[in-house]
Amino acid sequence: MVAFERRACDLGSGRGCINLANSYRSGEGVERRSGQADALWNHGCGLAERTCSKQDLAYECVAAGKCRISRNEPLAARHVEHSGVACESGDRLACEVAVDVAMRGPEVDPAEVAGLFVHMCETGSEFGCEVVAMQQWLGLGVVADPEAARATFTRLCAGGLQSSCHAERGYMHLLLVSPFIAGAATPYPHKAVAAALARSQGPVKDGGMVGFCVAADGTTDKPVVLDSSGSEEVDGEVIAAVKTWRFPSRLDIPQPELCMQTAFQLPRSR
């Protein structure tokens, strides 16, 4: 697969470069190299944007849409339209874009979001299956079924999906839940984390994962590092940020408390 992605990238496919960047970032089929991944991602995004704009190719417009999402930029109509059609045909990246579009709307429809994740799961996406299970756990857009959800988490965790291992402990994805909580505020202290990273000694990973629960007054409770960055100082700054997050409205769920997990990304490792 990596050889195919590299060939596609060499031939000028932005989507190919982006896929190759993801392989370098995850270490799937190739040695993990964050710097190479960043360079390929930026190059691929430029190619995809130009090709989508000039030729309106669906494959490249989907990739361009994903790039815009990563930069928190608005999507053009062609990104949305191509992603919706491609998702229906089983394109996982297109489904990711379609989900983001649905989650960014002024009024997020839990059932619509659930349908997109079900489709992702049916086309072989482990992440899609994981989120469907989280929705079953929370009763969010689907009928609540904690037992089925836990069985999915156990299966995916055994297969190596670490976020599902955290879900077994009750931590759901923040990005899934926060759009349904009016006024949710989760600022991230880039400068403080970058300063801690600069001071840290020894190897530091590209990021990690934190978990927390939401107290009755909307403040965060029991913040914990689920996957360490490798630096206690960096982890500490992230935990300090989590303690400032607020969730002013309540989410009606069948579980006694709402707990979430979220990844944090760091500047490129030294």
Side-chain angles (χ1 to χ4, degrees), residues 18 21-28 32-39 41-42 45 66-73 96 99-100 103-104 126-127 130-131 134 153 156-157 160-181 183-215 218-247 257-270:
I18 287 169
N22 288 331
S23 294
Y24 272 109
R25 188 167 288 122
S26 66
E28 185 175 347
R32 192 168 181 265
R33 295 180 181 174
S34 299
Q36 184 79 350
D38 291 344
W41 178 272
N42 292 332
C45 285
K66 183 66 175 179
C67 292
R68 290 199 176 194
I69 289 170
S70 71
R71 299 191 298 264
N72 199 30
E73 296 176 358
E96 291 177 15
V99 165
D100 190 270
M103 297 286 271
R104 286 188 182 203
E126 288 189 342
F127 176 70
E130 178 184 61
V131 175
M134 289 184 177
F153 296 148
L156 294 175
C157 177
L161 190 59
Q162 192 62 35
S163 53
S164 283
C165 301
H166 302 321
E168 278 193 291
R169 298 166 55 190
Y171 296 103
M172 305 298 112
H173 285 308
L174 171 65
L175 291 176
L176 169 66
V177 179
S178 59
F180 302 101
I181 302 178
T186 57
Y188 185 72
H190 295 282
K191 290 183 178 179
V193 171
L197 181 63
R199 293 191 300 269
S200 63
Q201 302 295 319
V204 181
K205 297 190 298 185
D206 291 338
M209 184 81 71
V210 292
F212 64 93
C213 299
V214 179
T219 60
T220 55
D221 187 28
K222 296 180 284 190
V224 61
V225 175
L226 299 173
D227 293 322
S228 174
S229 66
S231 165
E232 290 186 8
E233 189 169 10
V234 171
D235 291 348
E237 289 292 349
V238 175
I239 289 293
V242 170
K243 291 179 179 178
T244 70
W245 293 355
R246 297 293 180 267
F247 299 85
E257 65 178 347
L258 174 63
C259 298
M260 291 175 273
Q261 58 174 291
T262 185
F264 60 90
Q265 297 295 316
L266 302 177
R268 189 183 308 167
S269 298
R270 299 156 298 167

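- Summarising the geometry, atom SG belonging to C213 is positioned 11.0 Å from atom CZ belonging to F247; distances are rounded to the nearest 0.5 Å.
- Using a 30° and 60° split on the angle between ring planes, F127 and H173 fall in the tilted class, from 30° to 60°.
- Under the side-chain contact (heavy atoms from CB on, under 4.5 Å) criterion, R32 pairs with D206, sequence neighbours left out.
- Atom CD1 of I239 is separated from atom OG1 of T244 by 11.5 Å, given to the nearest 0.5 angstrom.
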Exercise for review: Applying side chain to side chain contact (heavy atoms under 4.5 Å, CB included), run through T262 and W245 and close with a yes or a no.
Suggested key: CA-CA 12 Å; T262 185; W245 293 355; 3.9 Å; yes
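- Every side-chain contact (heavy atoms from CB on, under 4.5 Å) that S164 has, sequence neighbours left out, goes to E130, F153, L156, C157, L161.
- Annotation for S163 and Q261: closest pair O-NE2, 2.9 Å, computed over non-hydrogen atoms.
- Taking both residues in full, the closest heavy atoms of E237 and A192 are given as OE1-CB, 3.6 Å, listed atom of the first, atom of the second, then distance.
- Taking all atoms of both residues into account, the shortest heavy-atom contact from F212 to Y171 is N-CE2, 3.6 Å.
- Between the side chain of T219 and the backbone N or O of A215 there is no donor-acceptor pair closer than 3.5 Å.
- Here D221 contributes atom CG and E257 contributes atom CD; the two are 7.5 Å apart, rounded to the nearest 0.5 Å.
- I181 places a side-chain heavy atom less than 4.5 Å from the side chain of L258.
- R68 CZ to C45 SG: the interatomic distance, rounded to the nearest 0.5 Å, is 10.5 Å.
- Scanning all heavy atoms of the two residues, the minimum distance from A167 to M134 falls at CB-CE, 3.9 Å.
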Acceptor/donor pairs from residues 224-231 side chains to any protein atom, 3.5 angstrom cut, sequence neighbours excluded:
from : atom 1 : to   : atom 2 : distance (Å)
D227 : OD2    : H166 : NE2    : 3.1
S228 : OG     : G230 : N      : 2.9
S228 : OG     : D235 : OD2    : 2.6
S229 : OG     : S231 : N      : 3.3
S229 : OG     : S231 : O      : 3.4
S229 : OG     : D235 : OD1    : 2.8
S231 : OG     : E233 : N      : 3.4
S231 : OG     : V234 : N      : 3.2

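- Closest approach of A241 to P187, counting heavy atoms only: CB-O, 4.3 Å.
- Rounding to the nearest 0.5 Å gives a distance of 8.5 Å between CE of M172 and SG of C259.
- To the nearest 0.5 Å, the span separating CD1 on I18 from CZ on R25 amounts to 10.0 Å.
- Every residue two or more places apart in sequence or in another chain was checked for a side-chain hydrogen bond (donor to acceptor under 3.5 Å, both in side chains) with T186, and none qualifies.
- Counting non-hydrogen atoms of other residues, nucleotides and ligands closer than 6.0 Å to CD of Q162 gives a total above 12.
- For E168, there are no salt bridge (Lys or Arg N to Asp or Glu O under 4.0 Å) partners, not counting sequence neighbours.
- Partners of A195 by side-chain contact (heavy atoms from CB on, under 4.5 Å), not counting sequence neighbours, listed by chain and number: R199.
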